[in-house]
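To start, the structure under review is shown below, and the notes come after it.
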Amino acid sequence: MVDAPSERSTNGMAEVVFRTERLSKIYDMGEVQVHALREIDLALYRSELVVLLGASGSGKSTLVNILGGLDTATSGRVLYRDQDLTRADDRDLTQYRRRYVGFVFQFYNLIPSLTARENVAIVTEIADDPLPPEEALDLMGLGDRLNSFPSQLSGGQQQRVAIARAIAKQPAVLLCDEPTGALDSATGVVVLEAIERVNRELGTTTMVITHNVAQAEMADRVIRLSDGRISDIAVNETKTPARDLTW
Amino acid sequence: MRALNQKLLRDSWRMRGQLLAIVLVVVAGMATFVGMRGVMHALQETQASYYAAYRFADGFANVRRAPERVAQQLRTVPGISDVETRVRASATVDIPGFDEPVTATIQSVPDGRAPRLNQLFIREGRRVKPGRDDEVLVNEVFAEAHSLQQGDTFTVTIRGQQQRLTVVGIALSPEVVIQVQPGGLFPDRERFGVLWMGRSALAAANDMTGAFNNVSFSLAPGASLDDVLSRIDLILDRFGGTGAIGRADQASHSLLELEFEQLRGTSTVLPLVFLLVAAFLLNIVVARLVNLQREQIAMLKAFGYSDLEVGAHYIQLVLGVVTAGAVLGVAAGLWIGQAMGQLYLDFFRFPSLAYTFEWLVALTAFLLTAGASLAGVIGAVARAVRLPPAEAMRPAAPPTFKPTAIERIGLQRFFDQPTRMILRNLERQPVKSALTVTGMAAATAILVLGLFFTDAVDYLIEVQFGIIQREDLTVTFTEPTSPQALYEMTSLEGVTYAEPFRAVPVRLHHEHRTQDTSLEGIPPAPYLRRIVNTALQPIPIPEEGIVLSDRLARTLQVAPGDYIQVEVREGARRTHRVPVAGLAEQFVGVGAYMDVEALYRLIGEGPALSGVFLMTDADDTAALQQAILDRPRVAGVVSQDRAVEGFEETSAENLLVFTFILSLFAGVIAFGVIYNSARITLSERERELASLRVLGFTRAEISYILIGEMTLLTLLALPLGFALGAVGAAGVLAALETDLYQIPFALSRATFATAAAVVMASAVVSAIIIRRKLHTLDLIAVLKTRE
Ligand SMILES: Nc1ncnc2c1ncn2[C@@H]1O[C@H](COP(=O)(O)OP(=O)(O)OP(=O)(O)O)[C@@H](O)[C@H]1O
Ligand SMILES: [Mg+2]
């Protein structure tokens with residue numbers, strides 16, 4: 001490694017998908033100000049799989065939410081390719097999310113009144129080139145629970161529906177906030193494999209938040225956040241396939 | 001967006017109870033709106049086309065006796081397009097099998113041709129043949145009251161001469177859409193009837209051959225009624241004219257207009273209140289639903305649904321409910337309208353009622369409801385979709401609780417933990433609690449509105465017939481009669497007291513305002529027909545000056561001490577300047593009163609009586625009434641009891657049926673509001689209550705938390721609802737007040753009690769449903785999913 005890791009990806013000349021410049025997020029709580037992100041400078045490249053590590057409260061969700069166009073920065077800039085997300089208005093952000101972004105949330109956020117299939121369909125119906133909901137759920141090993149309502153599914157099953165929902169739209173960017181938080185390691189591996197496959201086959205730029213250091217081995221790069229700052233960026237010379245991960 | 005529609009359907013199904021309740025409220029509003037507006041429209045259209053087709057006259061005049069050639073003179077009056085002279089006779093009727101005295105007005109129909117004005121609609125049978133003096137046409141209501149049919153016979157007495165008549169037909173006339181006896185305020189279809197005989201026959205019986213005593217006329221387009229009336233008065237004066245009147249003062253027409261005016265008032269105010277309540281309910285329900293679904297909204301937005309698409313989703317729900325309510329409401333309204341139309345047809349005699357569906361009315365009601373509902377909902381939806389998705393997705397921070405005011409002042413030791421939870425919850429969400437209280441108060445108020453009519457009418461009867469009009473019988477003479485008549489009346493068997501009165505037709509002027517009325521001369525300290533002030537205390541009649549009913553004073557804009565011009569419309573027809581000496585409370589009519597001696601001086605005539613009020617000790621006044629009617633110059637006898645009955649029947653048939661429908665709908669609304677509030681609270685607190693159950697609270701304890709809260713809110717809502725209802729009732733009465741009468745403001749304890757009972761019953765039923773839901777609360781399911 002010659003260049004600073006933050007300036008270059010493992011595969012050299014790849015195009016930059018996200019770039020942040022002095023990105024800060026401050027929650028104003030009246031008496032106290034919470035600095036969730038402090039002047040983050042970061043570049044993410046096309047098709048890379050990045051794992052985001054950090055202690056609870058270090059700003060991981062905040063960063064991912066801003067990259068996904070769910071939240072806005074307090075200062076600094078975020079670029080998605082040529083598009084300045086910090087300058088985008090609400091309509092642009094909606095279009096951005098609709099066309100490019102797939103989310104997996106820390107708290108699954110399924111719609112309780114819809115079945116597993118419908119929870120996926122609600123997203124594929126507005127996507128350009130989606131997988132059929134059944135196929136996405138099948139990938140997640142839920143082919144036999146298509147017509148179950150969230151309340152009839154276990155926490156892990158709900159999480160897998162949420163992942164099926166995110167990958168079914170075949171997004172350009174996949175943002176996962178602790179996708180395996182609620183899962184045992186065997187199911188977790190299934191989930192990570194699916195994410196890995198979307199990343200590899202579709203070239204989806206992927207960011208996965210996790211508390212689990214073992215999962216960092218499947219990443220191209222590992223970014224550590226601490227107290228709203230990037231404390232370390234490590235490039236994985238040899239990626240371990242998700243299938244071989246254990247924890 | 002099939003999945004989103006699916007969600008809509010499932011959400012609606014889950015909230016079906018609540019939505020159904022709202023749909024019912026919309027139905028209630030739409031049904032009353034469409035029904036009442038529809039029936040009003042139908043009645044007005046029917047009236048207009050009936051008047052036009054059967055040539056209802058524009059004006060009328062009575063004279064003592066005018067030779068037929070005067071008709072020619074009347075025809076030349078500029079502005080008159082047609083004139084029809086008639087003979088009109090008062091008669092007593094002897095109906096076989098009916099003991100009580102019956103009077104009739106007999107009108108002539110031209111021999112051998114159709115009337116030019118006021119043509120008859122023959123329901124059954126045929127017209128009278130020219131020249132036949134034994135044939136009669138009978139007005140439909142009178143025929144029905146006595147089951148008279150073609151071929152039946154009865155005897156009438158005209159000017160003391162008996163005459164046997166055979167019914168040849170049953171008829172209707174635009175002149176008697178409502179049949180009211182002269183001097184009566186309310187119809188008495190059994191004891192009074194309108195009959196028609198051939199002109200020559202009636203003239204012979206009434207000593208009017210070659211003459212007439214009644215004339216009606218129509219106006220040329222653009223003619224001024226006032227000009228025509230004064231010219232006619234000028235011509236008819238020397239034949240004993242008592243003043244020509246326009247349609248507006250014609251008995252049947254003016255009563256009809258009065259009813260229409262009332263209907264217009266109620267058909268606007270009440271449905272509007274209903275529709276607004278429905279809109280209010282929808283607002284609360286949808287606003288809270290949107291709140292509960294913040295995270296779902298955030299997720300949809302995260303995946304690229306636009307604010308518009310998400311907003312449309314919730315708005316569809318609102319429109320769905322309003323549309324369902326509107327469709328059912330229009331159907332119910334059509335049905336109610338037709339039913340009411342039939343009811344009215346019994347009271348207003350038109351040949352038939354042209355009931356047509358008013359698209360515009362239905363559309364207006366729909367747009368009103370949808371608009372009002374959306375106006376509120378759009379705000380809530382906009383707030384929810386405007387929230388950045390990341391914000392909405394975070395688990396909501398635990399709500400900030402603080403000790404309640406009650407706890408701060410140290411009363412907590414009197415409450416157990418669940419009670420403290422109730423109090424804190426109410427205090428933490430003052431807006432939400434206030435909305436619930438407002439909703440329930442609105443329901444209470446609507447109930448009060450539905451019920452208070454009966455109170456008002458009871459009060460009116462009590463005051464009008466208990467304090468003001470205390471006579472048992474009112475006798476009117478055909479023309480002013482010597483005071484001797486008073487003693488003759490007093491000497492009749494059964495009469496315990498008699499009080500004379502003199503009534504003179506007058507036109508009152510003050511500045512540019514005028515009002516026609518009858519000026520009554522009464523004894524200085526009347527015993528039977530009393531004048532009361534606003535505190536309902538009888539007031540003495542001052543020796544000089546005129547006492548006006550307060551409504552009349554308001555019309556003329558005068559106060560005691562002011563002077564008004566009194567134009568006497570009979571005899572010498574002079575105008576005098578008279579001071580207003582006092583004001584009288586009067587719910588019915590626009591009365592003006594004077595000391596009888598002062599009145600004689602004013603009109604420059606000696607003592608004469610228009611009639612006598614009688615008090616009797618007879619249980620059955622039929623014989624007495626017959627004896628009075630048999631006397632010369634007696635035009636009619638009106639029994640107080642019958643007047644009250646007539647009033648009650650009329651108001652019973654119209655107001656009370658209508659009140660019943662209103663109360664029913666009000667009950668629906670009350671239940672809708674309360675049930676909805678309870679269900680919303682339940683869905684908002686489900687997780688919390690389930691958690692409490694998990695922590696070991698019993699079902700009874702968590703039921704107590706929720707139902708206790710409901711109870712507390714209900715108790716807060718009732719007094720507020722009473723106050724709102726009272727204000728609303730005053731508003732409705734103000735809207736109903738006409739130039740002719742006013743329904744007094746009165747609310748009984750029974751009304752409040754009934755309203756409270758319905759509200760509490762709704763609360764109890766809601767509580768039972770909620771309790772059942774709480775008992776079957778699926779703890780696992782509730783805790784597993786994050787809504
Ligand atoms: N809406 C908010 N208002 C105030 N502070 C907030 C808000 N959201 C997040 N924070 C604060 O910002 C900081 C970063 O939060 P963030 O959710 O990004 O952490 P995280 O790294 O995702 O933690 P975890 O691993 O627990 O999910 C925290 O200190 C958090 O308390
Ligand atoms: Mg997080």
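Throughout, a chain's letter reflects where its sequence line sits, starting with A, and its residues are numbered from 1. The analysis underlying the following values was restricted to heavy atoms, covering all of them including side chains, and did not include hydrogens, waters or symmetry mates.
- Smallest separation of non-hydrogen atoms from R165(A) and F303(B): NE-CE1, 3.5 Å.
- Other residues, nucleotides and ligands contribute over 12 non-hydrogen atoms within 6.0 Å of the CZ atom of R16(B).
- Looking at T115(A), the atoms closer than 4.5 Å to chain B (heavy atoms on both sides) sit in the backbone and in the side chain alike.
- For a residue to count as touching a neighbouring chain, one of its non-hydrogen atoms must lie under 4.5 Å from one of that chain's; by this rule F149(A) touches chain B with the side chain only.
- Contact of R99(A) with chain B is not made at all, since no heavy-atom distance falls under 4.5 Å.
- From L110(A), atom CG reaches atom CD of Q296(B) across 9.5 Å, with rounding to the nearest 0.5 Å.
- Considering every non-hydrogen atom in both A302(B) and F105(A), the closest pair reads CB-CZ, 3.6 Å.
- Annotation for R679(B): atom CZ counts as buried by contact number, over 12 foreign heavy atoms lying within 6.0 Å.
- Atom CG of residue N119(A) and atom CD of residue Q6(B) lie 11.0 Å apart, to the nearest 0.5 angstrom.
- The backbone N or O of I126(A) lies less than 3.5 Å from no partner atom in the side chain of Y305(B), so there is not a single donor-acceptor pair.
- The nearest pair of heavy atoms linking K301(B) to R97(A) is O-NE, 2.6 Å.
- Taken from CD1 in I122(A) to CE in M299(B), the straight-line distance is 5.5 Å, to the nearest 0.5 Å.
- Within residues 75-96 of chain A, the residues having any heavy atom less than 4.5 Å from a heavy atom of chain B are, in residue-number order, D90(A), T94(A).
- For E125(A) (side chain) and A3(B) (main-chain N/O), a donor-acceptor pair under 3.5 Å exists by modelled atom type.
- Using a 4.5 Å cut-off between heavy atoms, L308(B) makes no contact with chain A at all.
- Across all non-hydrogen atoms, the minimal contact from S306(B) to R98(A) is N-NH1, 4.2 Å.
- A pairwise comparison of heavy atoms in E295(B) and N109(A) identifies CB-ND2, 3.6 Å as the closest pair.
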